[in-house]
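Here the structure is a predicted model, which means the values were calculated and not measured.
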Number of protein chains: 2
Amino acid sequence: LFRTRLIISILWVPIIVAIIAFGEPIHTLALVLLMVVVGVMEFNNMMVKRGIKPSEYVTITASIILLITIYLTGVHSDKGVILYILGFIFMLTVVWHLFRDGPRDFIGSSGATILCIFYVAWFFSHLVLIRNLEYGNRLLVVLFLIIWASDVAAYGVGRFLGKHKIAPSVSPKKSWEGALGGLLGGMWASVGSFYFFMGAERWPGLLWSLAIGSLVTVGGMFGDFIESAIKRDAQVKDSGTFLPGHGGLLDRFDSIMVAAPIFFYLMLLYKHPPSWLAGLLY
Amino acid sequence: LFRTRLIISILWVPIIVAIIAFGEPIHTLALVLLMVVVGVMEFNNMMVKRGIKPSEYVTITASIILLITIYLTGVHSDKGVILYILGFIFMLTVVWHLFRDGPRDFIGSSGATILCIFYVAWFFSHLVLIRNLEYGNRLLVVLFLIIWASDVAAYGVGRFLGKHKIAPSVSPKKSWEGALGGLLGGMWASVGSFYFFMGAERWPGLLWSLAIGSLVTVGGMFGDFIESAIKRDAQVKDSGTFLPGHGGLLDRFDSIMVAAPIFFYLMLLYKHPPSWLAGLLY
């Protein structure tokens, strides 16, 4: 099993990095669309095991529409298009479940459909938003490195020093010591990778890098716990069988998913600080 | 009971109409905020009867933040503020439920919290958006008249001619004949009230009035069915006891809630048609 894992990692990690780093933004969109469709199907399957039945049609269609809209208009659109789309998606959800389910589990299935669209498509869409920023390909690489370094550091520190469990009922292995190690690892990975990939003139500086690194790492840890909570609630071990030996796609990307919006909004804040913040900082 | 109903109607209908028609937009906001808080509490109580536990703190706080933001920025904001707020609300929801519930019913409660915020706050927020349009007070009166007229017409026609049930499992009394009567009633109420309240120079014309009237009426009927599905799923007769003899607030406003976004977006389309539509129409 370990060998399969290794071989598969050697195959897919470089492919993803190549698409992100050397492809155009639209290639990242295509990659994220693929990930979102797989993620939505995994989420739906987990729900079905829990006895809840979101609509696969609605979740997949809505996620694709949402991602393409966000790719085309960004979040600063003056047309408010995404809001119309979100409104339309919500209407579609309740009307669809009304026709499909009538009163039977109407609340549970509609809620799960909305949750799935937000959890998978909205979280993942920030990878596309980051890619659309200036030097977005490098920024995505920085994000992946922060998460990867904090994972490795948390695992290593937790393994050797871990004593105090954070939340055994959600994720039995995570310790506070490991989390602290992950936090420090993520912070210094942030400083290092920002400096290395953006260069001395364009990197956001030491303080911003540390701030981004620490908040993104904490977000990633929350992502891990949220995915664990979903899996425990659904009583499955893996979210799916996307990659042999790696569990499901949602397992693989649980930290990235939640870290991505935090990274994106912090980058926006750094690039366009509101006046009160700019006054405080500079 | 009928007398209580009548007396209460005589009291509260004029108050609501007065606030909307003669008050400033901020008075409508205050009214809608009150309705949303009551509606959210009713929704939460129904969920609890169904065995699902959304977070009352999160749903109420998020709904108030969402409404005030929508009041302040509208949907055409170039700052994307509502999107940040929606993202923040979603993050808050999953993190809150992670801390509160851990893996226990994580999916059901998070889904219900999101559903509640959308169902109550997002639907109702369009009343505020309509009020913020030019002549918004008159437009709101037009909307209420369309829904009221279509309700009365549907009830009357259904009572005397109703034979073919639409969906007995959701709402046992609704008939296709009644729906047709309601549709015609809503269409002509739309023409009449637009013309009467907006005047010959400012009303949207016969075709738009008929289109708005019919789509808004259909939306209102869907709202009725959706609320019925929720109540049947939760196995309650009324959504709450907001007004003696009138059931809950969500029962009272189920049609208006769903009709409001349709009315608002059709008014936007009429006032600012995209070029391809303008070319087709004029």
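Taking Val94(B), Ile230(B), Thr93(B) one by one and counting their heavy-atom pairs under 4.5 Å with chain A, the maximum is reached by Ile230(B). For the options Gly87(B), Pro54(B), Ser171(B), Pro261(B), heavy-atom pairs under 4.5 Å to chain A are most numerous at Gly87(B).
Counting only distance, with no hydrogens or angles, the side chain of Lys231(B) and the backbone of Lys237(B) share a donor-acceptor pair below 3.5 Å. The closest donor-acceptor contact from the side chain of Glu42(B) to the backbone of Gly248(B) lies at 3.5 Å or more, if one exists at all.
The contact between Ile52(B) and chain A is made entirely by side chain atoms (from C-beta outward), counting heavy-atom distances below 4.5 Å.
For residues 215-223 of chain B, the interface with chain A (any heavy-atom pair closer than 4.5 Å) comprises Phe222(B), sorted by residue number. Of residues 96-112 of chain A, those residues with a non-hydrogen atom less than 4.5 Å from any non-hydrogen atom of chain B are, in numerical order, Leu98(A), Phe99(A), Gly102(A), Pro103(A), Asp105(A), Phe106(A), Ile107(A), Gly108(A), Ser110(A), Gly111(A). Contacts between residues 44-51 of chain A and chain B, counted as heavy-atom pairs separated by less than 4.5 Å, involve Met47(A), Arg50(A).
Centroid-to-centroid, the aromatic rings of Phe123(B) and Phe118(B) stay 6.0 Å apart or farther.
Between Trp122(A) and Phe90(B), the angle of the ring planes goes over 60°, which puts this pair in the perpendicular group of the 30/60° scheme.
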Subject >> Chi angles and distances behind the side chain to side chain contact (heavy atoms under 4.5 Å, CB included) call for Trp208(A), Leu269(A) >> reply: CA-CA 10 Å; Trp208(A) 272 101; Leu269(A) 208 60; 4.2 Å; yes
**OP:** Just do the side chain to side chain contact (heavy atoms under 4.5 Å, CB included) check on Asp224(B) and Val258(B) with the steps written out, would you?
**Re:** CA-CA 9 Å; Asp224(B) 208 334; Val258(B) 180; over 6 Å; no
Original post:
Going through the checks in order, is the side chain to side chain contact (heavy atoms under 4.5 Å, CB included) test met by Met257(A) and Phe124(A)?
Top reply: CA-CA 5 Å; Met257(A) 283 165 71; Phe124(A) 269 109; 3.5 Å; yes
**OP:** Just do the side chain to side chain contact (heavy atoms under 4.5 Å, CB included) check on Cys116(B) and Val40(B) with the steps written out, would you?
**Re:** CA-CA 7 Å; Cys116(B) 174; Val40(B) 162; 3.9 Å; yes
Name every donor-acceptor pair, under 3.5 Å, that has one atom in a side chain of residues 61-72 of chain B and the other anywhere in the protein, sequence neighbours excluded.
residue	atom	partner	partner atom	Å
Thr61(B)	OG1	Tyr57(B)	O	2.5
Ser63(B)	OG	Thr59(B)	O	2.6
Thr69(B)	OG1	Ile65(B)	O	2.6

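Going from atom CD1 of Ile212(B) over to atom CZ of Phe264(B) covers 12.5 Å, rounded to the nearest 0.5 Å. Rounding to the nearest 0.5 angstrom, the gap separating the CG atom in Asn132(A) from the OG1 atom in Thr28(A) is 8.5 Å.
Heavy atoms of other residues, nucleotides or ligands lying less than 6.0 angstrom from NZ of Lys165(A) number more than 12.
Closest approach of Ile114(A) and Leu115(B) over heavy atoms only: CG1-CD1, 4.4 Å. Contact detail for Ile147(B) and Ser255(B): the closest heavy-atom pair is CG2-CB, 3.8 Å.
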